[in-house]
Amino acid sequence: MSYLLPAEFATKMVDAGEAKLHMSTRDALIRAFMAGAILAIAAVFAVTVAVQTGYPIIGAILFPVGFSILYLMGFDLLTGVFVLTPLAWLDKRPGVTINRILKHWGIVFTGNFAGALTVAFLMAIVFTYGFSTEPSEVGRVIGEVGEGRTVGYKEYGAGGMATIFIRGILCNWMVSLGVVGAMISTTVSGKVIAMWMPIMLFFGMGFEHSVVNMFLFPSGLMMGGNFSMMDYLIWNEIPVVLGNLIGGLALTGLTLYTTHVRTAPQKAL
């Protein structure tokens, strides 16, 4: 059967979280680097399509190609390990500690950021012909996105901070469903379809993904966006990371684990 039942793929989630925590630092860093780089390329693709067609929804429909590629290749995003690794601790898997989880998160964050930043630099060369001209139209749009989603939130003070935090929660609720989607089928087509749907939704709704932002905002600064690195960290990356953690773990990881692994006793009929 190509479809796994919830009880089966929920157990796979715990197994996957345990396996990631026992991975070598080298492997975790390389996999995270590649995941950040591929997702960055997908973001460039989505923005390019939106600029070329004038319809951002087409970019959202096509963006999940990057997510599908990186998970089929076995690479890791910070938003995914936020969901899976704590489940191994809750399940009391041997050798799984809070310190090990936090260390793994730090490694994956570093790898994702390095991969996204590398692509940001390479694409800045492409957008400006080696920094010899003004940015192309796609480059200018990326700069505007970075400005709007940093100082644009800052303009509203506490309300802006609450908005970006909630967008981070909603984002990883959807993205984590895509991570789980890769586990619910034994066929490539089944995995891709299950991943595609929630990823398309998050991108189309403009929710905030910490790893996508690791590309968009450094790239925006290179393209002349009118915001600072501190604006990016305080008014985007930090609250988005926290929102991604809460949304993915609370709304996807814990709900599936609680009801399909630690299932409550059934009522007698």
Side-chain angles (χ1 to χ4, degrees), residues 4 6-23 28 31-32 35-36 39 64 67 70-71 74-113 161-184 194-195 197-199 201-203 205-214 236-264:
L4 300 183
E8 295 173 309
F9 67 71
T11 300
K12 286 184 66 176
M13 291 169 62
V14 183
D15 294 341
E18 180 184 17
K20 292 179 190 305
L21 291 172
H22 291 295
M23 192 186 309
R31 294 182 188 189
L39 204 66
F67 185 90
L70 72 91
Y71 268 102
F75 299 142
D76 286 324
L77 292 172
L78 181 66
T79 45
V81 300
F82 274 165
V83 179
L84 301 177
T85 52
L87 301 184
W89 179 78
L90 287 173
D91 210 52
K92 297 181 172 59
R93 296 296 177 92
V96 176
T97 64
I98 295 295
N99 284 341
R100 176 167 280 188
I101 291 172
L102 293 176
K103 178 184 176 183
H104 186 71
W105 288 357
I107 292 168
V108 174
F109 180 97
T110 302
N112 284 169
F113 192 88
M161 185 63 73
T163 299
I164 191 172
F165 178 67
I166 290 172
R167 283 186 172 180
I169 291 175
L170 295 173
C171 172
N172 210 28
W173 179 19
M174 293 297 101
V175 172
S176 58
L177 290 176
V179 172
V180 176
M183 302 179 185
I184 71 175
M195 288 187 283
M197 294 182 290
I199 302 304
L201 194 156
F202 114 72
F203 202 86
M205 293 290 288
F207 296 152
E208 297 283 355
H209 190 278
S210 55
V211 182
V212 173
N213 292 351
M214 290 174 188
N236 193 280
E237 193 64 36
I238 293 174
V240 169
V241 166
L242 295 174
N244 286 173
L245 169 60
I246 292 171
L249 182 57
L251 298 178
T252 298
L254 291 179
T255 54
L256 289 170
Y257 178 80
T258 301
T259 192
H260 291 304
V261 178
R262 295 296 183 186
T263 310

Atom [atom1] in [X], atom [atom2] in [Y]: separation rounded to 0.5 Å?
X	Y	atom1	atom2	result
Ile246	Leu254	CD1	CG	11.5 Å
Phe82	Leu249	CZ	CG	9.5 Å
Leu4	Met183	CG	CE	10.5 Å
Tyr257	Thr11	OH	OG1	9.5 Å
Arg31	Leu77	CZ	CG	13.0 Å
Leu84	Ile101	CG	CD1	11.0 Å

(request) Kindly write out the residues that satisfy ring pair (Phe, Tyr, Trp, His ring centres under 6.0 Å) with Trp89, not counting sequence neighbours, or none if the list is empty. (result)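 Partners of Trp89 under the ring pair (Phe, Tyr, Trp, His ring centres under 6.0 Å) test: none.
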
(request) With sequence neighbours excluded, tell me which residues meet ring pair (Phe, Tyr, Trp, His ring centres under 6.0 Å) with Tyr71. (result)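 Tyr71: ring pair (Phe, Tyr, Trp, His ring centres under 6.0 Å) contacts with Phe67.
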
Would you give me the side-chain donor-acceptor pairs under 3.5 Å for residues 162-171, sequence neighbours excluded?
residue: Thr163; atom: OG1; partner: Gly159; partner atom: O; Å: 2.8
residue: Arg167; atom: NH1; partner: Tyr153; partner atom: OH; Å: 2.8

(request) List for me each residue that meets side-chain hydrogen bond (donor to acceptor under 3.5 Å, both in side chains) alongside His260, sequence neighbours excluded, and say none if there are none. (result)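 By the side-chain hydrogen bond (donor to acceptor under 3.5 Å, both in side chains) rule, His260 matches no residue at all.
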
Given side chains that start at C-beta, do those of [X] and [Y] come closer than 4.5 Å, heavy atoms only?
X	Y	answer
Phe203	His209	no
Leu90	Leu87	yes
Pro64	Met195	no
Val179	Val83	no
Phe207	Leu201	yes

(request) With sequence neighbours excluded, tell me which residues meet salt bridge (charged side-chain N to carboxylate O under 4.0 Å, His left out) with Arg262. (result)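 Partners of Arg262 by the salt bridge (charged side-chain N to carboxylate O under 4.0 Å, His left out) criterion, ordered by chain and then number, come out as Asp91.
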
(message) List the residues meeting salt bridge (charged side-chain N to carboxylate O under 4.0 Å, His left out) with Glu18, not counting sequence neighbours, and say none if there are none.
(response)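 Here the qualifying residues are Arg93.
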
When you measure from the side chain of [X] to the backbone of [Y], do you find a donor-acceptor pair of N or O atoms at a distance under 3.5 Å?
X	Y	answer
Asn244	Glu208	yes
Asn112	Val211	no
Asp76	Ala32	no
Thr259	Thr255	no
Ser176	Trp173	yes

(request) Check step by step if side-chain contact (heavy atoms from CB on, under 4.5 Å) holds for Thr79 and Phe202. (result) CA-CA 13 Å; Thr79 45; Phe202 114 72; over 6 Å; no

(request) Evaluate the criterion side-chain contact (heavy atoms from CB on, under 4.5 Å) for residue pair Met174 and Leu177; output intermediate values, then yes/no. (result) CA-CA 5 Å; Met174 293 297 101; Leu177 290 176; 3.8 Å; yes

(message) Around atom CE of Met205, are there more than 12 heavy atoms from other residues, nucleotides or ligands closer than 6.0 Å?
(response)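 Open.
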
(request) Check the pair Lys103, Arg100 against side-chain contact (heavy atoms from CB on, under 4.5 Å), reporting the backbone distance first and the verdict last. (result) CA-CA 5 Å; Lys103 178 184 176 183; Arg100 176 167 280 188; 5.7 Å; no

